[in-house]
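Given the structure is predicted, the values throughout are model-derived calculations rather than measurements.
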Amino acid sequence: MEPQLLHTVADGVATVVIHHPVKRNAMTAGMWRALPPLLGRLAADPAVRALVLTGEGGTFCAGADISSLRESPDEPQGLAVLAEEALAAFPKPTLAAIRGYCVGGGSQLAAACDLRFAEEGALFGVTPAKLGIVYPASSTRRLVALAGPGTAKYLLFSGELIDAERALRTGLVDEVLPPGELGKRVAEFTRILVSRSRLTQAAAKEFANGRTDRDAYWAEQARAGGDTAEGVAAFLERREPRFTWNG
């Protein structure tokens, strides 16, 4: 099978699979180009409530396909930034499910997700110093915001890999699961996400990402949307809420 991005939608969750197993799911230029329009279609699909990004088999993504950098690194790096920004801008909750290597461009994609769950044994690295490449400013800022300047500098200066336990301590990942448990935990957690208020999630994502000009908009959505009344009623009646806001 050619290198590609596969996707499915089931029970409110879109799953995007990086599929290039012969090169540890390295991203080709074509795959970088394909990600933003795919995300656009999934964002517009009312059946999609959350998105999971993962890799085929036992590897998340080993970065960019190095053969694509031979002529010039500028085009694939620019494509990677566009894909990363499209993922960061996805309006619904996103979760990276990580096994094995999460390196270079793979780390860019994982960092652009809202949450990262990893399996024990996963390895993380940001490796431009091994290739003499300037890591993009936007990607560097995102890494610093996520893991702190100390960890970001360690990764960027050295290009060394860190294990899942260290990634958890630094905030690079949110949960680490025993071997064989990642899929079960991701399915369980995405069911929780799908059951919660889209209104709360959408507003929280904007606020957490630093947007400061929509407070009045979200206050009005809360007043008019009905989710708050439904949530309170469900709590008092000891039942599961049936949220309806769909922005």
Side-chain angles (χ1 to χ4, degrees), residues 5-17 38-55 60 86-99 109-120 122 146 164 167-168 171-247:
L5 301 172
L6 306 175
H7 75 280
T8 58
V9 177
D11 300 323
V13 180
T15 301
V16 175
V17 180
L38 172 59
L39 293 172
R41 292 193 298 274
L42 294 173
D45 185 347
V48 173
R49 294 286 314 278
L51 182 140
V52 173
L53 178 68
T54 193
F60 181 73
L87 183 56
F90 194 79
K92 303 164 188 180
T94 57
L95 188 154
I98 301 164
R99 298 178 182 86
L109 292 174
C113 290
D114 297 314
L115 299 164
R116 286 147 296 280
F117 289 5
E119 188 173 79
E120 290 177 6
L146 183 62
L168 180 65
L172 194 59
V173 301
D174 300 287
E175 292 190 15
V176 174
L177 286 308
E181 295 295 314
L182 180 63
K184 178 182 176 182
R185 175 57 179 151
V186 169
E188 174 189 69
F189 191 77
T190 52
R191 281 195 296 272
I192 292 171
L193 293 178
V194 167
S195 74
R196 303 309 194 213
S197 166
R198 302 184 199 191
L199 170 68
T200 301
Q201 291 170 346
K205 183 159 184 171
E206 283 199 359
F207 294 158
N209 287 344
R211 187 158 183 175
T212 60
D213 62 341
R214 296 242 291 178
D215 298 48
Y217 169 81
W218 287 115
E220 176 57 29
Q221 290 294 304
R223 282 192 294 270
D227 272 16
T228 302
E230 168 60 15
V232 171
F235 178 82
L236 294 174
E237 295 166 15
R238 298 184 180 181
R239 60 173 174 81
E240 290 297 316
R242 295 181 291 273
F243 296 119
T244 57
W245 186 89
N246 196 24

Closest contact, heavy atoms only, Gly55 versus Val17: C-CG1, 3.9 Å
Spacing of Tyr217 atom OH and Arg211 atom CZ [to the nearest 0.5 Å]: 9.5 Å
Non-neighbouring partners of Arg191 that pass side chain to side chain donor-acceptor pair (under 3.5 Å), sequence neighbours left out: none
Check: Leu51 and Val16 side chains under 4.5 Å, non-hydrogen atoms: yes
Partners meeting ring pair (Phe, Tyr, Trp, His ring centres under 6.0 Å) with Phe90 (sequence neighbours left out): none
Salt bridge (Lys or Arg N to Asp or Glu O under 4.0 Å) partners for Lys92, two or more places apart: none
Test side chain to side chain donor-acceptor pair (under 3.5 Å) applied to Asp114 - qualifying residues, sequence neighbours left out: Thr94, Lys205
Please set out all donor-acceptor pairs under 3.5 angstrom arising from side-chain atoms of residues 38-45, sequence neighbours excluded.
from: Asp45; atom 1: OD1; to: Ala47; atom 2: N; distance (Å): 2.8

Exceeds 12 heavy-atom contacts within 6.0 angstrom, atom CG of Asp11: no
Tell me which donor-acceptor pairs under 3.5 Å the side chains of residues 174-183 have, and how far apart each pair is, sequence neighbours excluded?
from: Asp174; atom 1: OD2; to: Arg116; atom 2: N; distance (Å): 2.8
from: Glu175; atom 1: OE1; to: Arg185; atom 2: NE; distance (Å): 2.8
from: Glu175; atom 1: OE2; to: Arg185; atom 2: NH2; distance (Å): 2.8

Side chain to side chain contact (heavy atoms under 4.5 Å, CB included) partners of Asn246, counting only residues at least two apart: Pro46, Arg198
Val173 to Ala164 - nearest heavy-atom pair and separation: CG2-O, 4.0 Å
Shortest non-hydrogen separation from Ile98 to Ala110 and the atoms involved: CD1-CB, 4.0 Å
Expected output: side-chain Glu119 to main-chain Arg99 donor-acceptor under 3.5 Å: no
Separation between CZ of Phe243 and OG1 of Thr228, rounded to the nearest 0.5 Å: 8.5 Å
Point-to-point distance, once rounded to the nearest 0.5 Å, from CZ of Phe189 to CG of Leu95: 7.0 Å
Residues that Arg223 engages under side chain to side chain donor-acceptor pair (under 3.5 Å), provided they are two or more places apart: Glu220
For Glu237, salt bridge (Lys or Arg N to Asp or Glu O under 4.0 Å) partners two or more places apart: Arg239
Listed partners of Glu206 passing side chain to side chain donor-acceptor pair (under 3.5 Å), at least two apart: Arg214, Trp218
Donor-acceptor contact below 3.5 Å, side chain Gln201 vs main chain Leu193: yes
Val13 and Val48, any side-chain heavy atoms less than 4.5 Å apart: no
Minimum heavy-atom distance Gly225-Trp245, with the two atoms named: CA-CD1, 4.1 Å
Any side-chain heavy-atom pair of Leu115 and Pro93 under 4.5 Å: no
Sidechain-backbone polar pair: Asp227 side chain, Thr200 backbone, donor-acceptor under 3.5 Å: no
